[in-house]
Amino acid sequence: MQPDFFQREEIEFTMPKGQHGPRLWVRRIALWQDASTLLRDISLRPGVNIIWSPDLSTNGKGATPHGSGKSTFCRLIRYCLGERHFSNEDQRPLMQQKLPDGFVGAEIMIDGECWIVTRPIGMNLPSRSVRADRIEDSFDQLLVVTYPPTIAPVISDRFCTDYREQVPDNLRADQVWDVLLAWLARDQECRLDDVFDWRSKRSGSGSPAQELSLDAKLAVVRLAIGALSAAEVLANAQVRSFARGRDDLKQKLNHLDWFQRHRFEELCEGLSLPKDRDPSDETVRMELIDKANEELAKATGATHAKGQSSGVDLQAKRKRLQAERNKAFEKQANAQALHTALPVQISAARAEQGTEQARLESGVVVRCSICQVNIDDVLAKGCKISLERCDLDAVRNRIKLAEQNMAELIKQQAALPKTIENLGSEIARVDQELEAVDKEFERLEKQLSETNGKVSAARELVREANWFDRQMVKRDAEIRRLDAVENKIEGLRESIKLEQERVTAAIGDLEIVFQQLVASLMPKGCSGKIRLDGNGLHTDILLDRGVGLSTAAVESFKIVAFDLAAMILSVNGKARMPSLLIHDSPREADLDADIYSNLFDFVLSLEGKASPPPFQYIVTTTTAPSQQARAHEAMRLQLSSTPPEARLFAMDF
């Protein structure tokens with residue numbers, strides 16, 4: 001490597017008083033098949049820790065560098081630091097089946113105290129976190145669940161207490177460490193594509209970071225590096241609240257505009273007015289109301305039957321005709337009944353008259369009409385019952401009366417058919433007049449219905465026109481509310497901008513370290529820049545003319561430099577986060593080997609700034625580190641995909 005290819009920038013550690021070594025670091029990771037069978041024991045150290053799986057050019061075995069367990073090792077560290085899962089849903093069942101009693105143990109140092117974490121790989125053990133000196137010291141309690149079961153709350157209490165309540169609404173305070181951990185130990189699947197791209201759903205980690213918006217992740221980063229004030233957090237929360245209200249108002253107004261446009265067209269059509277006018281114009285709406293009232297006046301002024309004299313007269317006429325019909329019908333019924341009974345009466349009268357006449361002519365006297373005693377006996381012996389004498393003249397008078405009655409009955413019998421016929425004609429005439437009256441009633445009712453329909457329609461138009469005017473007035477009020485909300489949001493954004501300007505010192509500290517790292521890690525002529533604006537936090541590596549580096553390589557190394565800058569900021573007490581960083585195979589294929597090798601030499605040089613090193617940087621690689629790094633004690637583990645014993649778990653799954 002050319003000695004002047006890189007330009008070293010001097011980076012100094014200014015640790016808080018009394019701090020020695022990293023506040024949080026992983027001292028040991030061990031894998032067990034069960035409590036009596038250790039599969040792998042890996043000691044780690046403050047400073048740089050390299051896990052190497054040699055690629056085909058260096059392993060001499062023809063073994064692929066992939067599948068040896070590097071990413072699983074990183075995920076197991078994250079798992080011990082509190083992440084939910086250690087592998088994706090495809091791998092996890094295979095490992096659980098092969099290691100039903102398996103577990104991973106970690107010795108995690110927090111402010112000089114050792115915490116023991118054991119977490120299951122199989123299904124038969126619980127998660128535990130306790131204070132102890134060695135993993136094995138906790139084996140007598142492996143089946144006892146602790147509270148909390150993971151170490152995440154302990155780490156959160158030590159590093160996140162000052163700001164975890166200030167996170168956005170869509171993130172709980174107890175998730176802040178999970179989000180920070182996602183940043184400090186990125187997924188390999190994310191390929192260092194973006195500063196805020198930390199967790200891939202393919203990894204199956206269960207981290208809340210994979211569901212968070214960019215704004216939420218940015219807020220956590222800014223809180224951690226001290227570049228976000230409480231005032232800005234409050235203003236952002238208010239902006240989000242107002243923005244939700246604004247969006248609701250816009251949706252409501254869009255709905256109102258669509259609906260009211262259609263109602264306006266319907267009203268114009270019903271009132272025969274042109275549609276191509278602006279319904280928000282008050283003059284246009286007043287014209288609608290005036291036209292609707294005019295139509296109502298026309299409808300209510302029309303002649304119709306309800307309550308008018310013609311209807312009253314018809315009702316009186318119908319009542320009179322019905323009475324006439326009832327009377328004629330009654331007479332006809334009586335005449336028909338009499339006509340039916342007369343033959344019998346005439347026959348009886350004729351019989352009575354004939355009997356009386358015959359007896360008078362023959363001298364036979366039947367019985368006294370008074371006492372009903374035989375007349376002959378009365379004449380011979382005298383009547384011993386009645387004191388009156390029998391009057392033959394009276395008998396003759398009765399015969400005469402019977403004859404007269406019979407003649408009258410015969411006369412009536414002859415006259416009744418004509419009378420019945422006349423009464424039927426009278427009933428038919430009345431029925432015709434009643435039918436004419438009913439038709440007139442039907443005509444008047446139809447006229448009334450049509451007129452009332454016009455009145456109802458006109459009244460509905462008046463109601464609709466007035467309702468439409470009220471809705472448009474409300475719409476104007478909603479627009480004023482929307483404008484007020486927009487003004488509030490704009491004012492809050494101005495205050496946020498001012499707050500961001502006030503925290504430029506924190507961004508400036510991060511940018512200075514970032515610039516130093518870019519100068520140290522990248523070839524001469526490269527410079528770094530960090531800026532915070534309304535669209536987020538941006539990192540850039542600027543290249544002078546003639547420096548030929550691919551975009552993918554620059555982007556990935558830019559992210560490495562950003563993470564290292566944040567770690568160094570934490571070492572210097574200017575960031576509220578652990579000075580712990582895990583990079584899983586950070587090299588892009590087209591990144592120059594000298595630049596990549598320089599990364600290892602540079603981070604190893606940082607160890608000389610303080611003793612013990614105040615940070616822990618764990619990096620996995622398939623590309624060979626520099627000769628200096630390979631000879632250094634930082635080389636902690638070498639893995640291979642073959643044979644199985646050389647893999648992380650020393651077996652196939």
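Throughout, residue positions are numbered sequentially from 1 according to the sequence presented. Computed over heavy atoms, backbone and side chain alike; hydrogens, waters and symmetry mates excluded.
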**Message:** Looking at every heavy atom in both Ser570 and Pro578, which two are closest together, and how far apart are they?
**Reply:** OG-C, 3.5 Å
**Request:** Only pairs at least two apart or in different chains count here, so list each side chain to side chain donor-acceptor pair (under 3.5 Å) that has a residue in residues 238-248.
**Result:** none
**Asked** Measuring from Leu44:CG to Ile618:CD1, what's the distance to the nearest 0.5 Å?
**Response** 5.0 Å
**Request:** Please collect all salt bridge (charged side-chain N to carboxylate O under 4.0 Å, His left out) contacts where either partner lies in residues 561-580, sequence neighbours excluded, each pair once.
**Result:** Arg186-Asp563, Asp509-Lys574
**Message:** For Phe514, give me all partners under ring-ring contact (aromatic ring centres under 6.0 Å, His included), at least two apart in sequence or on another chain.
**Reply:** none
**Message:** With a 4.5 Å cut-off on side-chain heavy atoms, are Leu606 and Leu564 touching?
**Reply:** no
**Fill in**
For Phe557, the ring-ring contact (aromatic ring centres under 6.0 Å, His included) test, sequence neighbours excluded, returns none
**Request:** Sequence neighbours left out, what passes salt bridge (charged side-chain N to carboxylate O under 4.0 Å, His left out) with Lys275? Give chain and number order.
**Result:** Glu269
**Fill in**
Taking every heavy atom of Glu287 against every heavy atom of Leu273, the minimum-distance pair comes out as OE2-CD2, 3.8 Å
**Request:** Return each pair, listed once, that meets salt bridge (charged side-chain N to carboxylate O under 4.0 Å, His left out) where at least one residue sits in residues 216-229; pairs must be two or more places apart or across chains.
**Result:** Arg222-Glu232
**Message:** Take a 6.0 Å sphere around CD of Glu501 and say whether it holds more than 12 heavy atoms from other residues, nucleotides or ligands.
**Reply:** yes
**Request:** Give, for atom CD of Glu12 and atom CD1 of Ile568, the distance between the pair rounded to the nearest 0.5 Å.
**Result:** 11.0 Å
**Asked** Can you check side-chain contact (heavy atoms from CB on, under 4.5 Å) on Met109 and Gln616, steps first, answer last?
**Response** CA-CA 11 Å; Met109 303 300 295; Gln616 186 174 47; over 6 Å; no
**Request:** Please determine, by modelled atom types, if Ser200 and Asp187 share a side-chain donor-acceptor pair under 3.5 angstrom.
**Result:** no
**Prompt:** Would you say Val154 and Ser129 make side-chain contact, with heavy atoms under 4.5 Å?
**Reply:** no
**Item:** Side-chain touch Ile595/Leu521, heavy atoms, less than 4.5 angstrom
**Value:** no
**Message:** If I take atom CG from residue Leu288 and atom CZ from residue Arg263, how far apart are they, to the nearest 0.5 angstrom?
**Reply:** 10.5 Å
**Trace of the side-chain contact (heavy atoms from CB on, under 4.5 Å) decision for Leu218 with Leu228** = CA-CA 10 Å; Leu218 174 61; Leu228 183 60; over 6 Å; no
**Request:** Using modelled atom types only, decide if a donor and an acceptor are shared between the side chain of Lys558 and the backbone of Thr539 within a distance under 3.5 Å.
**Result:** yes
**salt bridge (charged side-chain N to carboxylate O under 4.0 Å, His left out) against Arg164, all qualifying residues, sequence neighbours excluded** = Asp157
**Complete:** Ser205 and Glu83 have their tightest heavy-atom pair at CB-OE1, 3.2 Å
**Prompt:** Side-chain contact, heavy-atom cut-off 4.5 Å: Ile11 with Phe602?
**Reply:** yes
**Message:** Looking at every non-hydrogen atom in both residues, tell me the closest pair between Leu184 and Met577 and how far apart they are.
**Reply:** CD2-CE, 3.3 Å
**Prompt:** Tell me the salt bridge (charged side-chain N to carboxylate O under 4.0 Å, His left out) pairs involving residues 203-212, sequence neighbours left out?
**Reply:** Lys201-Glu211
**Request:** Could you tell me which residues satisfy ring-ring contact (aromatic ring centres under 6.0 Å, His included) with Tyr79, sequence neighbours excluded, listed by chain and number?
**Result:** Phe86
**Validation row: Leu171, Val179 side chains within 4.5 angstrom (heavy atoms)** = yes
**Nearest atoms (heavy-atom pairs only) where Ile507 meets Ala227** = CD1-CB, 3.6 Å
**Item:** Sequence neighbours excluded - side chain to side chain donor-acceptor pair (under 3.5 Å) pairs with any residue from residues 486-495
**Value:** none
**Prompt:** Does any N or O in the side chain of Glu607 come within less than 3.5 Å of the main-chain N or O of Pro613, such that one atom is a donor and the other an acceptor?
**Reply:** no
**Message:** Take a 6.0 Å sphere around CD of Gln251 and say whether it holds more than 12 heavy atoms from other residues, nucleotides or ligands.
**Reply:** no
**Request:** Using side chain to side chain contact (heavy atoms under 4.5 Å, CB included) as the criterion, list what pairs up with Ser71, not counting sequence neighbours.
**Result:** Gln188, Asp584
**Request:** Indicate the ring-plane relationship of Tyr596 and Phe600, choosing parallel, tilted or perpendicular according to the 30° and 60° boundaries.
**Result:** perpendicular
**Asked** Does Arg75 have any salt bridge (charged side-chain N to carboxylate O under 4.0 Å, His left out) partners at least two apart in sequence or in another chain, and if so, which?
**Response** Glu189
**Asked** What are the two closest non-hydrogen atoms of Asn572 and Pro16, and how far apart are they?
**Response** C-CD, 4.2 Å
**Prompt:** Got a sec: does the NE2 of His20 have more than 12 other heavy atoms crowding it under 6.0 Å?
**Reply:** no
**Prompt:** When rounded to the nearest 0.5 angstrom, what distance separates OH in Tyr617 from CD1 in Ile582?
**Reply:** 10.5 Å
**Prompt:** Using 4.0 Å as the upper bound for N to carboxylate O, is an ion pair formed by Glu478 and Arg481?
**Reply:** yes
**Request:** Compare all side-chain heavy atoms of Ile110 with those of Ile151 and state whether any distance is below 4.5 angstrom.
**Result:** yes
**Message:** Rounded at 0.5 Å granularity, tell me how far CG in Asn254 sits from CG in Leu249.
**Reply:** 11.0 Å
**Request:** Any chance you could lay out the side-chain contact (heavy atoms from CB on, under 4.5 Å) test for Leu234 and Ser229, step after step, and finish with the verdict?
**Result:** CA-CA 9 Å; Leu234 177 60; Ser229 67; over 6 Å; no
**Prompt:** Asn49 side chain to Gly47 main-chain N or O, any donor-acceptor pair under 3.5 Å?
**Reply:** yes
**Request:** State the OG1-CZ distance between Thr621 and Arg587, to the nearest 0.5 angstrom.
**Result:** 8.0 Å
**Message:** Assess the residue pair Thr620 and Cys74 against the criterion (side-chain contact (heavy atoms from CB on, under 4.5 Å)); give the C-alpha distance rounded to whole Å, side-chain angles, the decisive distance to 0.1 Å, and a yes or no.
**Reply:** CA-CA 8 Å; Thr620 71; Cys74 296; 3.5 Å; yes
**Item:** Whether Ser156 side chain and Trp177 backbone form a donor-acceptor pair below 3.5 Å
**Value:** no
**Asked** So do Pro126 and Pro120 actually touch side chain to side chain, heavy atoms under 4.5 Å?
**Response** no
**Message:** I'd like to know if the side chain of Arg92 and the backbone of Ser87 have a donor-acceptor N/O pair within less than 3.5 Å.
**Reply:** yes
**Request:** Please check if atom CZ in Arg84 has more than 12 non-hydrogen atoms from other residues, nucleotides or ligands closer than 6.0 Å.
**Result:** no
**Message:** Tell me if a side-chain donor or acceptor on Asn598 pairs with a main-chain N or O of Ser520 at a distance below 3.5 Å.
**Reply:** yes
**Message:** In the structure I gave you, are the side-chain heavy atoms of Val603 and Val619 within less than 4.5 Å of one another anywhere?
**Reply:** no
**Whether Gln166 side chain and Tyr163 backbone form a donor-acceptor pair below 3.5 Å** = no
